[in-house]
Structure formats: structure tokens, C-alpha cells
2 protein chains.
Amino acid sequence: MSKQISSKMDNLGETLRKLREEKQLPLRTVAAYLDIDQAILSKVERGQRKLNRDQVVKLAQYFQVKEETLLVAWLSDKLVYEVEGEQLALQALQVAEEKIKYTNLKPKE
Amino acid sequence: MSKQISSKMDNLGETLRKLREEKQLPLRTVAAYLDIDQAILSKVERGQRKLNRDQVVKLAQYFQVKEETLLVAWLSDKLVYEVEGEQLALQALQVAEEKIKYTNLKPKE
DNA sequence: TTAATTTTGACAAAATGTGTCAAAACAAAT
DNA sequence: ATTTGTTTTGACACATTTTGTCAAAATTAA
């Protein structure tokens with residue numbers, strides 16, 4: 001069977017909420033750690049706001065999870081947001097992948 | 001052999017420059033059609049500025065090429081820009097693809 | 001060298017992003 | 001059922017980014 005696909009698995013907001021609830025922490029506490037208002041964190045967890053890269057990295061530390069996990073969720077959320085509502089989303093993603101693979105292949109120039 | 005990969009093939013800027021040069025048009029003319037300054041178009045063709053969706057659609061009309069072609073180039077450029085410099089770019093793109101496939105699968109809810 | 005085109009960078013205006021604050025809504029709770 | 005703690009909402013302010021103009025500099029063609 002191939003990789004499981006579920007929003008719970010990959011969305012940053014839901015992942016963060018789950019982590020926070022596991023530890024029974026109020027928004028207030030986690031928000032304070034990030035030095036932002038709890039209102040923002042509430043919105044982040046429900047996908048209405050984005051965090052910046054540094055905040056995501058800090059949260060990986062805080063919750064003791066692999067930075068990579070949260071960063072991929074964060075980045076892919078941004079990508080999905082970018083192509084939201086586009087018929088050609090999938091094709092664009094595939095072309096973007098090829099472009100990235102290509103530039104990774106020859107990093108010179 | 002698989003799909004050819006080259007920046008010329010997929011980048012919006014280079015595609016537009018090629019189309020414009022084929023028709024021997026100065027930046028001024030195409031820019032006027034879009035109702036923007038030629039400076040912007042110059043930057044677009046060299047990848048220093050982005051167009052918006054409507055402008056891309058207008059240019060497909062103008063140059064008589066498939067809208068889809070330019071839109072995929074435009075969208076994928078945006079995606080590449082979004083993950084520029086990220087180690088996890090490829091993984092994020094793949095996850096984003098899965099998310100899109102998934103939501104396309106069940107458009108309800 | 002002139003004339004046309006393209007490129008560059010300083011600037012302005014508009015749009016978006018990022019955060020605060022306080023009130024409203026919700027949940028637990030016994 | 002009111003209290004206490006938490007979460008959600010929306011109005012607001014400030015900062016940053018986008019999107020464009022303009023004119024001068026650089027480049028290309030004649």
C-alpha cells in the first residue's frame with residue numbers, strides 16, 4: 001500500500017493542534033513561547049494564518065519533533081495555497097518538481 | 001525518452017521573450033497591450049517580476065498560444081519561487097501533489 | 001553618432017502580511 | 001446558572017511586499 005494520505009497527516013495546523021492537545025497546553029502557553037498573541041496561533045491551527053519559517057522551527061524544538069516533519073507540512077501548505085482553485089494545479093506542481101529536480105542535478109551556473 | 005526538461009521549455013519569462021521576438025515586437029508594444037510600463041515586461045522576461053493571472057491570459061490571446069501552456073509555466077514558476085533555497089523543496093512539492101490529488105478525488109466537504 | 005530599444009534603480013501607491021487587543025463564544029464543572 | 005479558563009472573532013495598526021511609474025543609463029542597430 002502506498003503512503004497514507006490524510007489532511008491530519010500533513011497539514012501544519014492540525015499537526016500543531018494535535019501536538020498541543022497531547023501535552024494539554026493552552027494556546028496562551030505555546031503562543032507565549034513563540035512570542036505572539038494566542039489569537040494568531042488559534043488561526044494558524046485552523047489554517048487561517050501562516051507561520052513563518054523560524055516559528056515553525058521553534059515549534060519543532062518545543063514539541064520535540066523532527067524539524068523536517070513540520071517544515072514539509074508548512075511548505076506544502078504554502079504550495080497548496082498557491083495553486084488553490086487552479087485547474088492546472090497538478091500539472092504545475094509536476095512541472096515545478098521537474099524544474100527543481102533539474103536545478104538540483106546541476107547546481108552550477 | 002522522457003519529457004524534455006529545459007528552462008526554455010517551461011519558464012514563462014523566456015517563453016514570452018521568444019514569442020515577442022518571433023513577432024519582432026518591441027517591449028513597448030506588448031507592454032502597451034497589457035497596459036503596463038515596458039520596464040515591468042522587461043523584468044518579467046528576465047524572471048525578476050511576476051505577472052498576474054489576468055495578464056498571462058491576455059498574453060496567451062495576444063500571442064495566439066494555448067492559455068494552458070502559459071498558465072502552467074506561470075504557476076510552476078510561482079511554485080519554484082515559493083520553495084527556492086529549501087532543502088525540502090522536492091518533498092514539499094510531492095506532498096502538495098498528494099494533497100491536491102486527494103482533494104480533487106473527493107471535492108465534497 | 002544618431003535613433004530605437006532595453007535595462008536599471010529610485011520612488012510612490014496599493015495590497016498583503018503580521019501582530020495586538022478586547023469582546024464574544026464556548027467548555028468544564030462541579 | 002454563574003464562574004473560571006480557553007478559544008475564536010473581528011477591528012485595528014504597523015511593516016513589508018507587490019505592483020507600477022518614471023527617467024536616466026546601457027545596449028543594439030542603422
Side-chain angles (χ1 to χ4, degrees), chain A residues 7-8 11-60 62-63 70-71 73-86, chain B residues 7-8 11-59 62-63 70-71 73-86 92:
Chain A
S7 54
K8 277 169 187 170
N11 281 344
L12 183 62
E14 296 177 27
T15 302
L16 292 177
R17 171 144 298 185
K18 191 159 285 176
L19 286 168
R20 183 174 62 79
E21 286 177 345
E22 267 170 22
K23 301 225 159 84
Q24 312 236 74
L25 299 167
L27 286 169
R28 182 170 31 81
T29 305
V30 180
Y33 176 76
L34 287 182
D35 198 25
I36 58 175
D37 195 279
Q38 60 175 21
I40 296 178
L41 189 55
S42 169
K43 286 163 188 166
V44 166
E45 289 185 349
R46 279 164 310 106
Q48 294 173 9
R49 283 282 183 113
K50 296 180 209 156
L51 292 178
N52 65 40
R53 200 182 192 288
D54 291 345
Q55 291 168 328
V56 174
V57 169
K58 275 190 93 175
L59 287 177
Y62 188 75
F63 288 123
L70 295 191
L71 282 176
W74 169 73
L75 259 183
S76 62
D77 278 358
K78 288 208 301 179
L79 292 172
V80 168
Y81 177 78
E82 200 72 28
V83 295
E84 119 208 77
E86 286 283 353
Chain B
S7 55
K8 277 171 187 169
N11 281 344
L12 183 62
E14 295 177 27
T15 301
L16 291 178
R17 171 144 297 185
K18 191 160 286 179
L19 286 168
R20 183 174 62 80
E21 286 177 345
E22 267 171 23
K23 300 224 159 85
Q24 311 236 76
L25 300 167
L27 286 169
R28 179 170 34 80
T29 305
V30 180
Y33 175 77
L34 287 183
D35 197 26
I36 58 175
D37 195 279
Q38 61 175 21
I40 295 178
L41 190 55
S42 169
K43 286 164 187 165
V44 166
E45 288 185 349
R46 277 163 312 104
Q48 294 174 9
R49 283 282 182 114
K50 296 180 211 157
L51 293 178
N52 64 40
R53 201 183 191 286
D54 292 345
Q55 291 168 328
V56 173
V57 169
K58 275 190 92 173
L59 287 177
Y62 187 76
F63 287 125
L70 296 192
L71 282 176
W74 169 72
L75 260 183
S76 62
D77 278 357
K78 287 208 301 179
L79 292 172
V80 168
Y81 177 78
E82 201 70 28
V83 295
E84 119 207 78
E86 286 283 353

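The sequence lines fix the lettering, A, B, ..., with proteins before strands; numbering per chain opens at 1.
To the nearest 0.5 Å, the span separating OG on S42(B) from CZ on R17(B) amounts to 6.0 Å. A distance of 12.0 Å separates CG in L16(A) from OH in Y62(A), rounded to the nearest 0.5 Å. Atom CZ of residue R53(A) and atom CG of residue L51(A) lie 13.0 Å apart, to the nearest 0.5 angstrom.
Between Q48(A) and dG19(C) there is no side-chain N or O to OP1 or OP2 distance below 4.0 Å.
By the salt bridge (Lys or Arg N to Asp or Glu O under 4.0 Å) test, K23(A) pairs with no residue at all, sequence neighbours left out.
Near DNA chain D, meaning a heavy atom under 4.0 Å from it, residues 37-46 of chain B has D37(B), A39(B), I40(B) in order of number. DNA chain D is contacted by no residue of residues 20-35 of chain B, taking any non-hydrogen atom closer than 4.0 Å.
Rounded to whole Å, the distance from CG on L16(A) to P on dT7(D) is 14 Å. Distance E82(B) CD to dT17(D) P: 13 Å, rounded to the nearest Å. Between the CG atom of L51(A) and the P atom of dG17(C) there is a distance of 14 Å, given to the nearest Å. Note: CG (D54(A)) to C1' (dT18(C)) measures 14 Å, nearest angstrom.
With a 4.5 Å cut-off on side-chain heavy atoms, L59(B) and W74(B) do not count as touching.
Closest-nucleotide positions on DNA chain D for Q55(B) and R17(A) were compared, and the one nearer the 5' end corresponds to R17(A).
Side chain of K78(A) to backbone of K50(A): no donor-acceptor contact under 3.5 angstrom is found. Looking at Q55(B), its side chain does come within 3.5 Å of a backbone N or O of N52(B) through a donor-acceptor pair.
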